[in-house]
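Note sheet for the following structure.
Just so we're clear, the structure is a prediction, and the values are computed from it rather than from any experiment.
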Amino acid sequence: MGILTIDQWNHTCQLDTSAKPRRNIGWISSNWSGYSITGKKGAFKRISAKWNVPFVRPSRGASYSSAWIGIDGFGNSNLIQTGTGHEFIDGKAHYYAWWEILPASVTIIPLPIQPGDRMLASIIKRSGSNWLICLRNVSRNWTFRTLQRYNGPQTSAEWIVEAPQVNGALATMARLSPVAFSCCRVNGKSPKLTANDGGIMLQNLSVTSIPSNPNRAGDGFIVKSVRQ
């Protein structure tokens, strides 16, 4: 069977109610929270997921966040990714879509994003070093595609809420409404996530973002910000 495009996805997959707060910790990061799986070189050729664009709550100073899917970046310095950004700057919330291949900087997708929008994303290896990055806003009926070259080792796959680096420094994590990832897929199948695949974000010795345990199918979870 050929590779499905983003327009051919089954849109009925939903996060089930079995997702519960985490009771244990798989890993800890200063800028990531969510789920990551690892494998041997070349293990991951395709990743996809759905998520909702969160609402950004006001913060005293500037705060930033992004929600994304990606391949590599866990234990190596390579990464191909796409997602949404949500930040609070100068008393106002901002939302946008983007893609990025390290070490290059982020590329903004100039299409509308608002909190509550339903996103579909996929990153697919086509042939050789050619990769297709797709991001769709179901709520606003647009689809972005770009074909890019990427030569990373393909040893990890992630579904992440992040506090990004801004001007070379780790940003303060934005205060967000919960981000629900669903229909997570890797190489076209459920990753069958376990609690040990999940990680929490720790900033200034405080937990700032934490995922729930996976749902029963192992393909969905909810990331919640901890009030700062």
Side-chain angles (χ1 to χ4, degrees), residues 6 13-15 19 22 29-37 47-57 59 63-74 79-89 93-102 106-109 111-123 133-140 142-144 156-166 170-186 191 193 197-201 203 208-212 214-215 219-226 228:
I6 199 166
C13 182
Q14 298 292 332
L15 183 75
R22 288 179 53 76
S29 170
S30 62
N31 63 327
W32 285 14
S33 58
Y35 279 77
S36 177
I37 59 175
I47 187 171
S48 59
K50 302 180 183 182
W51 70 89
N52 61 295
V53 177
F55 289 79
V56 178
R57 300 186 177 103
S59 55
S63 60
Y64 303 81
S65 69
S66 58
W68 54 267
I69 63 168
I71 289 177
D72 290 326
F74 195 93
L79 182 58
I80 180 171
Q81 55 183 161
T82 188
T84 55
H86 345 94
E87 54 196 37
F88 193 84
I89 304 172
H94 302 269
Y95 304 89
Y96 55 94
W98 57 272
W99 65 271
E100 184 176 28
I101 297 176
L102 296 182
V106 66
T107 298
I108 302 299
I109 299 170
L111 293 166
I113 290 283
Q114 291 296 325
D117 287 357
R118 291 294 299 161
M119 307 302 299
L120 302 173
S122 67
I123 300 172
I133 300 172
C134 296
L135 187 66
R136 181 176 180 184
N137 187 326
V138 177
S139 301
R140 302 189 184 275
W142 60 252
T143 301
F144 170 84
S156 68
E158 298 90 24
W159 302 263
I160 297 294
V161 172
E162 178 181 12
Q165 290 217 354
V166 177
L170 181 61
T172 299
M173 177 65 184
R175 298 172 58 235
L176 303 176
S177 62
V179 182
F181 284 88
S182 61
C183 289
C184 297
R185 298 289 183 269
V186 66
L193 300 170
D197 298 320
I200 66 173
M201 188 189 306
Q203 290 190 332
T208 54
S209 184
I210 184 168
S212 70
N215 61 5
D219 68 352
F221 59 93
I222 299 170
V223 179
K224 293 185 177 181
S225 295
V226 178
Q228 303 170 47

message: For a 4.5 angstrom cut-off between non-hydrogen side-chain atoms, does Ile69 reach Glu158?
response: no
message: Under a 3.5 Å cutoff, is there a donor and acceptor pairing between the side chains of Ser33 and Ser209?
response: yes
query: Should Pro211 and Ile222 count as side-chain neighbours, where that means a heavy-atom distance under 4.5 Å?
result: no
query: Can you tell which of Arg118, Met119, Arg185 makes a side-chain contact (heavy atoms from CB on, under 4.5 Å) with Lys50?
result: Arg118
task: Give a yes or no answer on whether the side chain of Ser36 reaches the backbone of Gly198 with a donor-acceptor pair at less than 3.5 Å.
output: no
task: Would you give the length of the straight line joining atom OG of Ser30 to atom CE of Met173, rounded to the nearest 0.5 angstrom?
output: 12.0 Å
message: For Phe74 and Trp32, take the angle between the two ring planes, folded into 0 to 90°, and tell me which bin it lands in: parallel under 30, tilted 30 to 60, perpendicular over 60.
response: tilted
task: Kindly compute the distance separating CG (Asp197) from SG (Cys184), expressed to the nearest 0.5 Å.
output: 11.0 Å
task: Could you check if a side-chain atom of Asp219 sits within less than 4.5 angstrom of a side-chain atom of Leu193, using non-hydrogen atoms only?
output: no
- prompt: Do Arg140 and Gln114 have side-chain heavy atoms sitting under 4.5 Å apart?
  reply: yes
Student check: side-chain heavy atoms of Glu100 and Ile80 closer than 4.5 Å: no
- prompt: Does the Trp98 side chain pair with the main chain of Thr84, one donor and one acceptor, at a distance under 3.5 Å?
  reply: yes
- request: Run the numbers on Tyr96 and Ile113 for side-chain contact (heavy atoms from CB on, under 4.5 Å), then give the verdict.
  value: CA-CA 5 Å; Tyr96 55 94; Ile113 290 283; 5.6 Å; no
- prompt: Between Ile210 and Val223, is a side-chain contact (heavy atoms from CB on, under 4.5 Å) present by the stated rule, with each step listed?
  reply: CA-CA 6 Å; Ile210 184 168; Val223 179; over 6 Å; no
query: Could you go step by step and tell me if Phe144 and Cys134 meet the side-chain contact (heavy atoms from CB on, under 4.5 Å) rule?
result: CA-CA 6 Å; Phe144 170 84; Cys134 296; over 6 Å; no
statement: In this structure, CH2 of Trp51 is separated from CZ of Phe221 (nearest 0.5 Å) by 10.5 Å
statement: So CD1 of Ile71 and CD1 of Ile47: to nearest 0.5 Å the spacing works out to 5.5 Å
field: Under 3.5 Å donor-acceptor, Gln203 side chain and Ala171 backbone
entry: yes
- request: Report yes if the side chains of Val53 and Tyr95 come closer than 4.5 Å at any heavy-atom pair, otherwise no.
  value: yes
- request: Please determine, by modelled atom types, if Gln81 and Trp99 share a side-chain donor-acceptor pair under 3.5 angstrom.
  value: no
task: Side-chain contact test, heavy atoms from C-beta onward, threshold under 4.5 Å: evaluate it for Trp142 versus Asn137 and give yes or no.
output: yes
task: Report the distance from atom CZ of Phe55 to atom NE2 of His86, rounding to the nearest 0.5 Å.
output: 11.5 Å
- prompt: With distance as the sole test, does Asn52 use its side chain to make a donor-acceptor pair with the main-chain N or O of Val179 at under 3.5 Å?
  reply: no
field: Phe181/Trp159 aromatic ring centres below 6.0 Å
entry: no
task: Go through Leu176 and Arg57 one step at a time and tell me if the side-chain contact (heavy atoms from CB on, under 4.5 Å) criterion holds.
output: CA-CA 6 Å; Leu176 303 176; Arg57 300 186 177 103; 5.5 Å; no
field: Reported CE-to-OG distance for the pair Met201 and Ser65, which is rounded to 0.5 angstrom
entry: 8.0 Å
query: Is any side-chain heavy atom of Trp68 closer than 4.5 Å to a side-chain heavy atom of Leu79?
result: yes
